[in-house]
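In what follows, chains carry the letters A, B, and so on, assigned in the order in which the sequence lines appear, proteins first and then strands, with residues in each chain numbered from 1.
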Amino acid sequence: MARQQDPPPQGLSGQLTGTRLSRDFFREDVLDVAPALLGATLTHAGVTVRLTEVEAYAGEQDPGSHAFRGPTPRTEVMFGQAGHLYVYFTYGMHWCANVVTGVEGEASAVLLRAGEVVDGRETAAARRPGIAERDWARGPARLALSLGLTGEHTGLDACEVGGPASFHAPTQHVPASRIRTGPRVGVAGLGGDAASYPWRFYLDGERSVSAYRPAKPRRRRAEA
DNA sequence: CAGTTGATTCGCT
DNA sequence: GCGAATCAACTGG
């Protein structure tokens with residue numbers, strides 16, 4: 001088959017997205033890739049989301065990572081090639097999407113936590129019936145839903161030219177002063193030490209990013 | 001706005 | 001079995 005052109009990120013007679021992110025971009029250290037993804041876009045299934053919040057997970061060295069206890073059928077893709085998607089199921093009902101980073105075997109990945117829909121709004125609206133636009137991709141499960149990403153898409157190579165998913169760099173430079181960091185959200189296995197891993201990165205002042213909410217230990221209902 | 005709660009399936013011990 | 005990288009709906013301010 002003839003070599004396909006990089007599919008234009010849809011609609012938007014122009015410059016909503018920058019150059020496509022290559023596999024080399026994702027092969028770098030996850031702590032470098034994660035902040036560099038802020039302001040970048042992910043396009044899949046007719047919708048483009050501009051990323052405003054991500055989290056870094058550093059493979060087998062990271063007690064918060066699904067890869068911490070080594071490869072399993074679920075996490076196998078994390079140990080593979082950078083630029084592939086790792087989409088996992090949680091809380092009995094939600095899908096969340098990551099992109100694998102680093103060298104093969106390292107199992108690091110960036111969780112895509114929030115963004116704003118910048119193209120394919122009709123499609124996104126249909127996928128998020130009755131939900132306010134600012135909430136369409138606010139939160140990892142909502143973001144995956146807006147993009148139509150589920151477990152079927154785990155292992156999908158977002159760097160494959162002509163493939164169904166692609167990342168593109170921000171059109172405008174994102175100043176470092178707009179990037180904030182903080183503890184990761186809802187991560188178990190850290191023994192309350194989430195603050196030791198300030199690997200959540202977000203753009204300050206974005207409506208699609210809510211302020212950090214400490215995960216309050218769930219108080220078992222009504223004492224006495 | 002902040003805080004609380006039930007929903008519901010899978011992965012791993 | 002247990003608990004999860006969460007969400008939507010609801011309450012009260």
For A:R69, look at atom CZ and say whether over 12 heavy atoms of other residues, nucleotides or ligands are found less than 6.0 Å away. no

In numerical order, the residues of residues 70-87 of chain A whose heavy atoms come under 4.0 Å of DNA chain B are A:T72, A:R74

What is the distance, to the nearest angstrom, from the CG atom on A:N98 to the P atom on C:dA5? 11 Å

Check whether any side-chain nitrogen or oxygen of A:R69 sits under 4.0 Å from OP1 or OP2 of B:dG11, and answer yes or no. no

Could you give the CZ-to-P distance, from A:F68 to C:dA5, as a whole number of Å? 13 Å

In terms of side-chain geometry, is the basic nitrogen of A:R23 or A:D157 positioned less than 4.0 Å from the acidic oxygen of its partner? yes

Rounded off to whole Å, could you give me the CD-to-C1' distance for the A:E55 and C:dT6 pair? 12 Å

What orientation do A:W95 and A:F89 show, parallel under 30°, tilted 30 to 60°, or perpendicular over 60°? tilted

Do any side-chain nitrogens or oxygens of A:R142 fall under 4.0 Å of OP1 or OP2 in C:dA8? yes

Residues at least two apart in sequence or cross-chain that pass side chain to side chain contact (heavy atoms under 4.5 Å, CB included) with A:T154, listed by chain then number, are A:V77, A:Y86, A:V87

Toss me the dot-bracket line for DNA chain B: Watson-Crick and G-U wobble, both under 3.5 Å, 5' to 3', using | for pairs to another strand and [ ] for crossers. |||||||.||||.

Whole-Å distance between C:dT6 P and A:R200 CZ? 11 Å

Please tell me which of the listed nucleotides, C:dA4, B:dC10, B:dA7, lies nearest to the side chain of A:F89? B:dC10

Taking N and O atoms by type only, does the side chain of A:Y88 place a donor or acceptor under 3.5 Å from a partner on the base of C:dA5? yes

Minimal heavy-atom distance between A:P129 and A:A126, with the atoms involved, is CD-O, 3.5 Å

Are A:F167 and A:L112 packed together at the side-chain level, in the sense that at least one heavy-atom pair is separated by less than 4.5 angstrom? yes

A:W95 atom CH2 is separated from B:dT8 atom P, nearest whole Å, by 17 Å

Out of C:dT6, B:dC1, B:dT9, minimum distance to the side chain of A:R134 belongs to B:dC1

For the residue pair A:V174 and A:G39, what are the closest heavy atoms and their distance? CG2-CA, 4.3 Å

Specify the separation, in whole Å, of atom CG of A:L112 and atom C1' of C:dA5. 12 Å

Can you give me the closest heavy-atom contact between A:T90 and A:C96, atom names plus distance? CG2-SG, 4.3 Å

CZ/A:R74: more than 12 non-hydrogen atoms of other groups inside 6.0 Å: yes

Can you check the A:R127 CZ to C:dC7 C1' distance for me, whole Å? 18 Å

Would one find a side-chain N or O of A:H94 under 4.0 angstrom from OP1 or OP2 of C:dC7? no

Length of the line joining A:H66:NE2 and C:dG3:P, which is rounded to integer Å: 16 Å

Strictly below 4.0 Å: does A:R138 bring a side-chain N or O up to OP1 or OP2 of C:dC7? no

Could you tell me which non-hydrogen atom of A:P170 sits nearest to which non-hydrogen atom of A:A40, and how far apart they are? CG-N, 3.7 Å

